[in-house]
Structure formats: C-alpha cells, structure tokens
There are 2 protein chains.
Amino acid sequence: MGDAAVERVSPVDRERRAEIADLLEQLAVLAVRQLGRRDISMTAASALGRLAREGPARLTALAADEGVSQPAMTQLVQRLTKQGLMARVADPDDGRAVLVSITDAGRRLLAERRRDRVARLSDLLAALPPEDQTTLAAAVDSAAPALRRLVAAATDLGGRSAPPAG
Amino acid sequence: MGDAAVERVSPVDRERRAEIADLLEQLAVLAVRQLGRRDISMTAASALGRLAREGPARLTALAADEGVSQPAMTQLVQRLTKQGLMARVADPDDGRAVLVSITDAGRRLLAERRRDRVARLSDLLAALPPEDQTTLAAAVDSAAPALRRLVAAATDLGGRSAPPAG
DNA sequence: TATTGTTATACTCTATAACTATA
DNA sequence: TATAGTTATAGAGTATAACAATA
C-alpha cells in the first residue's frame with residue numbers, strides 16, 4: 001500500500017525511496033552503535049528528551065508517544081525515578097493520574113549524552129576525506145529543515161509500532 | 001577529545017557537527033520506531049544482513065562485528081537457528097570453530113523487511129510537502145556516496161560499544 | 001597457553017493478563 | 001462502565017564469570 005499511494009504524485013522515484021530507506025537503516029545502526037550510550041535505553045532517553053522539550057506529561061501519554069505499553073512505561077518511570085532522572089507527582093485535577101517530569105539530574109544527563117554524541121561523530125567525520133565532509137555539510141545545510149519536518153510528521157503519525165494502550 | 005582532534009582541520013564547523021549529531025539521533029529513533037519491525041532484534045537483522053552480503057562467518061567474528069559478547073552471539077545464533085533463519089556447520093579447518101550462514105528463509109525475511117521499510121518510508125515521504133521531497137531527493141543524490149563511506153568507516157572502526165571479546 | 005565456543009547466572013526491557021482505584 | 005495506573009508473570013536480549021574442547 002505504501003507504494004501505490006505515492007507512485008503517481010511523488011517527486012521521489014521508487015529506486016530513490018529504496019535507497020533512502022536502506023541508508024536510513026544503516027545510519028540508524030551507526031547512530032545506535034557508534035553514537036549511543038548504554039547508560040539508559042533508547043526509550044528512556046527519548047522519553048527524557050520529550051519531557052525536557054515539552055514539560056510534564058501523564059504516564060499514559062508518555063507510553064503512547066514512545067510506543068511502549070503502559071506497564072512498560074510504569075516500570076521505566078520507576079527505574080528512572082529511582083535514579084533521580086525523573087520525578088512523579090499526583091495530578092491535582094485527576095486522582096487516577098500521575099504527572100511525570102524531568103529533574104535537573106535528568107537534564108544534565110541529556111546534556112552529557114549530547115556532548116558525547118557530538119564528540120564521537122566528530123571522530124567519525126574526521127576519518128572521512130575532506131571532500132566527503134564538505135559534501136555532507138552542504139547536504140545537511142540544504143536538507144536539515146526538510147529532515148526535521150520528516151521527523152515531526154513521523155512523530156505526529158504516532159509510533160506505528162505502539163502496542164494497544166492497555 | 002573527539003573535539004580538539006578535529007577542530008583545526010575539519011571543513012565541518014562545530015555547530016554543524018552538533019546539528020548532524022542531533023539529526024542522526026532523531027533519525028535513528030524514527031528508523032527504529034517507524035521503519036523497523038519487531039519480529040527480530042536490530043542485532044539479529046544486522047547479523048543476517050552481514051551474512052547475506054559477505055557469506056558465512058565464525059561466531060566470534062559475528063559477535064565482534066555486531067558489538068555484542070560471544071555468549072550473546074551464541075544465544076542469538078541459537079534462537080535464529082531454531083527459527084530457521086541461520087544455519088551452523090562445524091569449521092572443517094578448525095575443530096573449535098563454528099561457521100554460521102544465512103538460510104533461504106533468512107534471505108526471504110530480509111527481503112520482506114526491506115519491502116516493509118520502503119513502503120513505510122514512502123508513506124512518511126508522501127506526507128511531506130513536494131518541495132521537501134525534492135530537496136531530500138537532491139540531498140540524497142549528492143550525499144549518498146559520502147554517507148556510505150561514513151557507514152563503512154564506522155563499521156571498520158569496530159563497534160566502540162563492543163564489550164571485551166571473552 | 002591461547003583461542004573458540006558453551007553453560008550458568010543475573011539484570012534490563014518488553015509484553016499480556018489480571019487487578020485496584022478513581023471518574 | 002471507562003480510564004489511569006500497578007502488579008504478576010514470562011520471554012528476549014544482554015553481560016560477566018566459569019567452564020570444556022581444540023589449537
């Protein structure tokens with residue numbers, strides 16, 4: 001389905017879409033393996049980032065955004081709260097609900113992870129021929145806004161891999 | 001360190017490196033969440049891909065390439081063998097060693113995953129304004145070879161996150 | 001002795017099912 | 001009844017340590 005829907009209108013032909021999809025997969029592996037840290041999980045880092053950007057959220061909303069089940073998010077929040085990276089308060093407007101927020105320690109951890117990521121990417125880039133570095137810089141300059149919209153659109157669509165909420 | 005080493009010679013300035021690092025992280029999350037499947041793990045898919053591209057390999061070599069411990073790879077190969085996606089034969093030249101290969105079913109699974117990935121990316125691209133699609137296509141055209149060299153260089157460096165071999 | 005791989009054990013992260021408490 | 005969240009339980013995936021077999 002993903003195909004016929006696009007075939008007639010897309011300025012990006014089929015072969016190029018396949019090329020992009022393959023590159024994205026390899027870049028994802030690279031990002032996780034070479035730029036990632038193993039101190040907290042990808043879901044944990046992503047949830048912390050969301051709380052840092054958008055403020056406190058309900059546990060259910062976090063679970064939906066991160067594409068994991070509610071029990072999984074309950075446990076994630078428990079772990080990160082124990083580590084001092086998140087904090088939980090009861091929702092004053094709804095006795096059933098919990099509001100989760102990021103702590104200062106959580107923000108510091110995110111900043112530290114970002115520094116690591118940039119440093120490791122710098123090492124990878126430095127190993128490339130200068131022409132490649134120039135090419136990549138130019139491509140990023142031209143494509144960054146479109147890439148950000150791609151990421152935003154994907155996030156809005158909601159994690160397709162999200163399990164049913166209950 | 002990753003910084004000072006590059007600062008003087010890189011054609012990519014510090015701010016742009018940070019931008020690339022951030023984009024890569026978000027793209028990785030997007031690729032895993034929106035383009036990925038949960039039938040097998042990222043490590044399993046990557047190991048299968050390696051066997052498909054480069055032929056049979058020793059278990060130790062696979063573990064090193066995928067950045068996991070030898071026991072983890074033993075168990076991964078056991079699981080995938082039980083699922084019929086990999087096969088194991090004794091190395092005729094070394095009584096200690098095992099040669100792992102991909103089966104036809106494994107190749108079919110990889111092909112299926114790739115089709116899914118392309119279809120899902122097509123849906124994501126279709127949700128973007130046509131100008132963005134054109135921009136991304138042009139950027140990929142110009143940057144794809146450099147990106148492939150980046151991935152290759154990173155792979156050669158060996159998973160930084162690889163645990164000690166034993 | 002060194003290398004290849006397995007077994008034993010434990011921890012993280014995830015899911016589904018069953019439950020409690022509030023709306 | 002429906003929603004928000006927790007507890008119980010189980011499986012995948014990972015690590016380290018200790019082991020067996022071969023080089």
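This one's a predicted model, so the numbers in the text were calculated from it and none came from an experiment. Residue numbering restarts at 1 for every chain, and letters A, B, ... go by the order of the sequence lines. Every heavy atom of this structure was used, including side-chain atoms; hydrogens, water molecules and symmetry mates were not.
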Ion pair present between [X] and [Y], side-chain N to carboxylate O less than 4.0 angstrom?
X        : Y       : result
A:Arg113 : A:Asp39 : yes
B:Arg96  : B:Asp91 : no
B:Arg50  : B:Glu66 : no
B:Asp13  : B:Arg16 : yes

Could you tell me how far apart [X] ([atom1]) and [N] ([atom2]) are, to the nearest whole angstrom?
X       : N      : atom1 : atom2 : value
B:Arg96 : C:dT4  : CZ    : P     : 5 Å
B:Leu62 : D:dT14 : CG    : P     : 13 Å
A:Leu80 : C:dC13 : CG    : P     : 8 Å
A:Arg38 : D:dT16 : CZ    : C1'   : 14 Å
A:Arg37 : C:dT12 : CZ    : C1'   : 17 Å
B:Gln70 : D:dA17 : CD    : C1'   : 13 Å
B:Gln78 : C:dT6  : CD    : P     : 6 Å
A:Asp93 : C:dT22 : CG    : P     : 16 Å

Item to check | DNA chain D base-pair string [pairs: Watson-Crick or G-U under 3.5 Å; |: paired with another strand] | outcome: |||||||||||||||||||||||

Would you tell me if any nitrogen or oxygen in the side chain of [X] comes within less than 4.0 Å of OP1 or OP2 on [N]?
X       : N      : value
B:Ser41 : D:dG13 : yes
B:Thr43 : D:dT14 : yes
B:Arg88 : C:dT6  : yes
A:Arg58 : D:dG5  : no
B:Gln75 : C:dG5  : no
A:Thr74 : D:dT6  : yes
B:Ser69 : D:dA15 : yes
A:Thr60 : D:dG5  : yes

Item to check | Donor-acceptor contact below 3.5 Å, side chain A:Gln34 vs main chain B:Ala154 | outcome: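 The answer is yes, because a donor-acceptor pair under 3.5 Å joins these two groups.
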
Item to check | Side chain of A:Pro71 - closest among C:dA17, C:dA15, C:dT4 | outcome: C:dA17

Next on the checklist: Counting only side-chain heavy atoms from C-beta out, which of C:dT22, D:dG13, C:dT14 sits nearest to B:Arg79?
Outcome noted: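 Among C:dT22, D:dG13, C:dT14, the one nearest the side chain of B:Arg79 is D:dG13.
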
Checklist entry - Is the closest side-chain donor-acceptor distance between B:Ser122 and A:Arg17 under 3.5 Å? => result yes

Checklist entry - How many angstroms lie between CG in A:Asp104 and CG in A:Leu109, if you round to the nearest 0.5 Å? => result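 The CG atom of A:Leu109 is 12.5 Å from CG of A:Asp104, to the nearest 0.5 Å.
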
Next on the checklist: Once you apply a heavy-atom cut-off of 4.0 Å, does A:Asp94 come out as touching a base, just sugar-phosphate, or nothing?
Outcome noted: sugar-phosphate

Checklist entry - At under 4.0 Å between heavy atoms, what does B:Glu66 touch on the DNA or RNA strands: base, sugar-phosphate, or nothing? => result nothing

Item to check | 5' precedence on DNA chain C between A:Gln83 and B:Met73 (nearest-nucleotide basis) | outcome: B:Met73

Checklist entry - Considering all heavy atoms of both residues, which atom of A:Leu51 and which atom of A:Ser101 are nearest to each other, and what is their separation? => result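 Nearest heavy atoms, A:Leu51 then A:Ser101: CD1-C, 3.9 Å.
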
